[in-house]
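Values in this document were obtained by computation on a predicted structure and should not be read as measured data. Within every chain, numbering begins at 1; the chains are lettered A, B, ... in the order of the sequence lines, protein sequences first and strands thereafter.
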2 protein chains.
Amino acid sequence: MKRVGFPMRLMSPPVGLAALADTDLVGQVARVLTQAVISGQLAPGAKVVEAGIARELGISRAPVREAARLLEQQGLLVSHPRRGFFVRKLEVRDIDEIYDLRICVESHAAQLAAKNLTPANRAALRKQIDVLHETADLEDHARQVEEDYKFHRMIVEIAGSKRLLKVFDDLSSEMRMVIGLIGRLYDDPHRIAQTHEALLDVLEQGHDDIIAARFDYHIAAAWREVGRLVREIPSSTNGVAP
Amino acid sequence: MKRVGFPMRLMSPPVGLAALADTDLVGQVARVLTQAVISGQLAPGAKVVEAGIARELGISRAPVREAARLLEQQGLLVSHPRRGFFVRKLEVRDIDEIYDLRICVESHAAQLAAKNLTPANRAALRKQIDVLHETADLEDHARQVEEDYKFHRMIVEIAGSKRLLKVFDDLSSEMRMVIGLIGRLYDDPHRIAQTHEALLDVLEQGHDDIIAARFDYHIAAAWREVGRLVREIPSSTNGVAP
DNA sequence: CAAGATTAAACTGTCGACAATCGGCGCTTA
DNA sequence: TAAGCGCCGATTGTCGACAGTTTAATCTTG
């Protein structure tokens, strides 16, 4: 397959005026791989064969390698020199680390966000809670989880620290992996919506200690629940790759 | 230049028993680049020409690219698609983010570390404080800063969370960059040693609130000092790369 | 018949090549 | 003389190739 006039894409060639920032093969591969990992299509411990991915996407190995390095930094893959990249296996220990760090980062973010709350922000958060309520009826677990994260992410965005947001995003992909392993929601969708409403209330109140305590508790609850469910599926608690 | 029996290295060919994990060209390049950025050899905003680096190191562009992507994730470089990688320019805003996150992460780590304190840990920390006292007389600023970080890093290590440590390490390189910009120490070396002694005392005491407050204060003090010094050097407060 | 040696296939790490693109320089033109 | 246009060198993004290593499969051999 020979290139002709534009860099090889994973999407159709330039149509209309859609040629904005679409020139990032590595980024696209990273997204594809991330999705594959999160969805479980690439199971924990599985080997990520560069040539295989490359062939499948109709590109060469170079961009795949760079994307893999990216995901390694984000913690989704691990690299064993001269043996390749593998999908990270999460042990109970890892899950604890993830949630512990999430509490640390997110309850801090919440305090910052409270100080940056504007009417616009507030409205956006309220709207997202509405979405949570709506999706609660849809029985679409994946969607529900996604909208849930979106709410939490909005708060970190409002906090206004790019670095805080990056840490959160990296944690998110790992958490999505965990959720993927569990395979089911661990709480009633309607309760989730309610809980988040309470979170927003506390946020608007603006009392640092209370915000921290509330978010801490909220995330810790999820942590406990996830922990409980993971222990039921010991297949996910194996050691590291082969 | 043709390869013969072992992958191209940046160090001399296998001598003695130095063939441990030395098979990682990308890692080596990353270290070289990191050092170049931290030392200011590659100034903020400078373009990182792949071919140039590659030629200089006697290797091809592929490993250089992968290393650059790594440093991008760590926040030392920024990538402008189709234009290349540039050394990140830090604005005052960035410095604030860095220290804010550091407080968040490190004071949490300290609380965890207190719970994991063993006699061995304790001794190691005490020893590091001795080192701080010793280097205080050497007038070697770079060394002093390095030993300072080492102390803080040990605490995060003791905390026992790989993820916490990664965040800390990423922040560290950015902080080293800041220190590099400032170019001088912002506190009396002997005072530094003393201060850290106090930190360890509090840590051994084991009272969460006090630990958090003390570390928070300690880092915030450094923050303020750095902020003051940076404002004196407006050359470091420019916008983003060209 | 199992444990170890042997060989073949599959893969990684790295390289050099090439087209597309970017940035700057000088030339044209008002 | 200053804004605009097009060309040229420098650099990126991507590819295909190849040596060397790891893995798996097969073949001994005690």
Side-chain angles (χ1 to χ4, degrees), chain A residues 1-11 13-14 19-30 32-33 42 45-72 77-87 240-242, chain B residues 1-11 13-14 19-33 42 45-72 77-87 241-242:
Chain A
M1 189 184 251
K2 213 69 193 105
R3 288 178 45 222
V4 279
F6 54 94
M8 183 66 69
R9 312 267 158 98
L10 300 182
M11 318 176 72
L20 268 182
D22 201 359
T23 158
D24 181 19
L25 236 195
V26 174
Q28 287 182 260
V29 175
V32 169
L33 283 181
L42 276 172
K47 188 171 194 307
V48 178
V49 182
E50 298 168 10
I53 307 291
R55 202 175 322 117
E56 205 161 328
L57 299 180
I59 60 180
S60 80
R61 278 173 50 216
V64 175
R65 274 186 129 256
E66 291 184 26
R69 276 258 145 66
L70 234 153
L71 298 206
E72 185 194 5
L77 303 183
V78 294
S79 124
H80 293 215
R82 302 228 167 257
R83 314 215 305 104
F85 291 93
F86 299 80
V87 178
V240 191
Chain B
M1 190 185 252
K2 212 75 193 101
R3 289 179 43 222
V4 279
F6 53 92
M8 184 65 70
R9 313 268 158 95
L10 299 184
M11 320 176 69
L20 270 181
D22 201 358
T23 158
D24 181 19
L25 237 194
V26 174
Q28 287 182 260
V29 175
R31 254 166 281 147
V32 168
L33 284 181
L42 277 171
K47 188 169 194 306
V48 179
V49 182
E50 299 169 10
I53 306 291
R55 202 174 323 117
E56 205 160 329
L57 299 179
I59 61 180
S60 81
R61 278 174 50 216
V64 176
R65 276 188 125 252
E66 291 183 26
R69 276 256 144 68
L70 235 148
L71 297 207
E72 184 193 5
L77 303 183
V78 295
S79 124
H80 293 215
R82 303 231 168 254
R83 313 215 304 104
F85 291 92
F86 299 81
V87 178

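Of all heavy-atom pairs spanning A:F86 and A:G45, the tightest one is CD2-O, 3.7 Å.
Rounding to the nearest 0.5 Å places CG of B:L42 at 8.5 Å from CG of B:L77. With rounding to the nearest 0.5 angstrom, the CZ atom of B:F85 is 10.0 Å from the CG atom of B:L33.
In this structure, the side chain to side chain contact (heavy atoms under 4.5 Å, CB included) partners of A:A30, at least two apart in sequence or on a different chain, are A:A67, A:L71. Residues satisfying the salt bridge (Lys or Arg N to Asp or Glu O under 4.0 Å) test with B:E72, not counting sequence neighbours, are B:R69.
Partner of B:E66 under the side-chain contact (heavy atoms from CB on, under 4.5 Å) criterion, chosen from B:V26, B:V29, B:L25: B:V26.
Distances shorter than 4.0 Å separate some side-chain N or O of A:S60 from OP1 or OP2 on D:dC15.
We find that CG of B:L25 is positioned 14 Å from C1' of D:dG20, with the value rounded to whole Å. When rounded to the nearest whole Å, the span between CD1 of A:I53 and P of C:dA10 equals 17 Å.
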Do any N or O atoms of the protein come closer than 3.5 Å to N or O atoms of nucleotides 6-9 of chain D, and which pairs are they?
none

Hey, what are the protein-to-nucleotides 10-12 of chain D N/O distances that come in under 3.5 Å?
unit_1	atom_1	unit_2	atom_2	d
D:dT11	O3'	B:K47	NZ	3.3
D:dT12	OP1	B:K47	NZ	3.2

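Residue pairs meeting the salt bridge (charged side-chain N to carboxylate O under 4.0 Å, His left out) criterion with at least one member in residues 49-61 of chain A, sequence neighbours excluded: A:E50-A:R61, A:E50-A:R65.
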